[in-house]
Amino acid sequence: GTNYISNWLGATITTTNGHGMQIVRDGSGVTNVTNAGTINASRRGMFVDTSTSTGDTNITNSGSITSVESAINVDASADTGNLSITHSGTSNVTGSFHAVDITAFTSMRGAVNIGNSAGANDVITINDGSAIRIDAINGASDIDIDTATGAKLTVGGGVSSGIQVLMTDTGANTSGFDIRHDGSLTATGASKGIEVGVDEAQAGTNNTYGTVTIGSTGSLQTDTGTAISVSVQDGGNGATSARIDTTIEAGGSVTSTGGVGFEEQTSANSIDLQTTLDIAGTLSGGTAATRMGSGDDTTILRNTASVTGQIDGGTGTDTLQFDFSSAKTQDASQFTNFETLTKSSSGQLSFTGTNADTMSVLLQQGSIAFNGTMTNSTVTASAGTTVRGWATFACLTPMGPTVAPGNSIGTLTVQGNVTFGDNSTYAVEVDQNGNADRINATGAATIYSNLNTFKESDPAVVYQGTSTSY
C-alpha cells in the first residue's frame, strides 16, 4: 500500500532535542513524506530511515526547514526501492552538516530535484557543509540531481562542496550519476562547487560513471575552492581508466575567483580519467581555467565559449577542439599540454601569442590565421580549408587547401618541411612595389600534382606534375 506522513501548510514543528520528522520504514509499498509547513529542529529536519525497506520513498519539502543538523537526511543502506527527494522550499542548516544528505545509498534508483520548472523561490543555505551530498553509492544503479532555474544554493566557508557525490564499491555497476545545475550555487571560502568522486572503480577500461551539466541558466561561483572537481581511484579492483564528462551550456557560468574552474583531482590511487569537457558558456579560474589529469582528455571550445585562465590539458594524450562557426581570436599562450589542436567548423580562427609546446594542428574546416609563434607545432590542412597569417611553426602540410601567407602581404615561416598535397592552392598577393607573400621554409618543399597558384585577380596558373621537391 501507500503511506502518507505530512506536516501541512500552516503547521509548525519545533524540537529542542530531536528531529523534526523521523520515519523508520520497512517492507514494500510506497511511503510519501511531506513538509509544507515549518520545521525548527535541534537536530535533523526530516530524517527517513529506509535501511530495511524494499519499497519506494518520496520526500518533499515545499515549506521551511531550519535545523542544526541536516535538513533532509536519508539512511538508505539496504534499500532496493526508488528514492525521490523534491526540495522547492527553503532550508537553513546552522551546524556543520549537509542540507540534503543521503548516506549509504545502495542498489536503488534515486532522484534529487531542487526547485522546479516554474522557478520556485527555492533556497538552501549552509553554514559549513554541502547543499546536496550523496555518499557511499555501493553499486547504485542510477542517481539524478537537478537544480532548477531560480533555485539558490549557498554554502559557507568550510571545506565541503555545494553538490557532492561520492561513489564507493561500485562492483559491476556501469551507470552512476547525472548532475544538471540550472540554478545558482555560491560556495565561499575553500568550499568546492560541484565535487564528484569514484573511490573504488570497477575493473575495466573507460567505464562511464556520470555526467555533470551546467545548464543555460546555471551559475556556479567559488572563492578559493575548485568550481568543478572530478576524480576516480582504482581501489584495488583492477580499473585502468574511466569517464566523467562535463558540459557547460551556452549561458551557463562556472567561476572560481581564486582557484581552478575545472579540475581532475589526483591521488596515489588515481586512474586515468578520459574526460570530455564541452564548453559553450563561461569558464573562469583565478589559478587556472582547467587542470586535467593523466587521462586522454578532450576539451571543446564552442562558438559561444568564454574562457579566462590557463587551459591545461594535463599529462595524457590530449585534444583541444575549436568548434567556431564565426571569426574568433585565440591567444596561443593560454593553452598548454595538448598534443592535438583541431579546428572542426566553419569560420576563421586567428592565433596570436606564443606557444612552444609540441602539437599537431589539424585544420579540418574553415580557416586558421597564424599570427603568432608556434615554433614546435606541425600544421596539416584538409581540402577546402585556408591557412593564413605570418606565424612561425615547425611543419606545414597542405592536403588540398589554400595557403595564403600574411593577412595582407606577409611571410609564413616554417622551421622544417613544406609539403603541398594534390590540388592544393598557393595564393600570393603582390603589391605595386613588388612586395609579395611568401613561405620561408628551412627544410624541403615538396609539390605533388596540380598545385594551383594565382596572383591577386590574375587567372590561375596550374603547376602540372607528379611530385617535385626543392
Side-chain angles (χ1 to χ4, degrees), residues 167 192 194-212 225-248 254 256 259-279 283-301 305 307-322 330-344 351 353-362 373-380 393-394:
M167 299 176 66
K192 298 174 183 177
I194 295 176
E195 178 184 11
V196 293
V198 178
D199 287 341
E200 297 178 23
Q202 60 176 312
T205 300
N206 214 21
N207 293 312
T208 299
Y209 286 96
T211 62
V212 178
T226 300
I228 300 177
S229 170
V230 298
S231 66
V232 177
Q233 298 183 39
D234 177 16
N237 295 325
T240 56
S241 63
R243 296 194 66 84
I244 297 175
D245 293 333
T246 298
T247 300
I248 304 173
V254 176
S256 177
V260 180
F262 176 91
E263 183 171 20
E264 291 182 1
Q265 298 279 355
T266 59
S267 67
N269 296 320
S270 294
I271 63 174
D272 292 343
L273 259 175
Q274 318 287 359
T275 295
T276 296
L277 174 59
D278 194 333
I279 308 170
L283 177 63
S284 177
T287 302
T290 73
R291 185 178 288 162
M292 299 298 194
S294 59
D296 299 338
D297 305 309
T298 299
T299 301
I300 304 173
L301 300 182
V307 180
T308 302
Q310 188 177 63
I311 304 170
D312 190 340
T315 58
T317 302
D318 306 299
T319 299
L320 180 58
Q321 178 178 328
F322 296 93
Q330 173 68 51
D331 185 349
S333 65
Q334 187 180 10
F335 50 83
T336 186
N337 292 323
F338 287 94
E339 284 63 47
T340 302
L341 268 61
T342 302
K343 170 73 165 58
S344 57
F351 282 121
T354 299
N355 190 308
D357 290 354
T358 299
M359 295 179 290
S360 175
V361 181
L362 306 179
T373 301
M374 300 174 69
T375 311
N376 297 314
S377 293
T378 62
V379 179
T380 302
F393 40 80

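Side-chain atoms of Leu341 and Met374, non-hydrogen and from C-beta on, do get closer than 4.5 Å to each other. Counting heavy atoms from C-beta outward, Phe351 and Lys343 have side chains that stay 4.5 Å or more apart. Considering only heavy atoms from C-beta on, Val254 stays 4.5 Å or farther from Phe262 through its side chain. Put simply, the side chain of Lys192 reaches to within 4.5 Å of the side chain of Gln265, judged on heavy atoms. In this structure, the side chains of Ser333 and Thr354 stay at 4.5 Å or more apart for every pair of heavy atoms. Side-chain contact between Met359 and Leu320: absent, with no pair of heavy atoms (C-beta onward) separated by less than 4.5 Å. Side-chain contact check for Thr247 versus Thr211: every heavy-atom pair is 4.5 Å or farther apart.
Remark: the Asp278 side chain and the Thr276 side chain contain no N/O donor-acceptor pair separated by less than 3.5 Å. Between the side chains of Gln321 and Ser344, a donor-acceptor pair is found at a separation under 3.5 Å.
Distance check: Ile194 CD1 to Thr246 OG1 gives 8.0 Å after rounding to the nearest 0.5 Å. Note that the OG1 atom of Thr315 and the CE atom of Met292 stand 11.5 Å from one another [nearest 0.5 Å].
Just one of Asp357, Thr298, Thr299 meets the side-chain contact (heavy atoms from CB on, under 4.5 Å) condition when paired with Phe338; it is Thr299. Screening Leu301, Ile300, Val361 for a side-chain contact (heavy atoms from CB on, under 4.5 Å) with Phe322, the sole residue that qualifies is Leu301.
In terms of heavy-atom proximity, Asp318 sits nearest to Glu339 at N-OE1, 2.7 Å. Across Asn376 and Ala356, no two heavy atoms sit closer than the pair ND2-O, 2.6 Å. Taking each heavy atom of Ile244 and Leu273 in turn, the nearest pair found is N-CD2, 3.8 Å. Scanning all heavy atoms of the two residues, the minimum distance from Ser256 to Gly225 falls at OG-O, 2.8 Å. Here the shortest heavy-atom pairing between Asp297 and Gly313 reads OD2-O, 4.0 Å. Considering all non-hydrogen atoms of both residues, Gly261 and Thr226 come closest at O-CG2, 4.4 Å.
Using a distance-only test at 3.5 Å, with no hydrogens or angles considered, no donor-acceptor pair links the side chain of Asn337 to the main chain of Asp312. In this structure a side-chain-to-backbone donor-acceptor pair under 3.5 Å is missing from Gln274 to Arg243.
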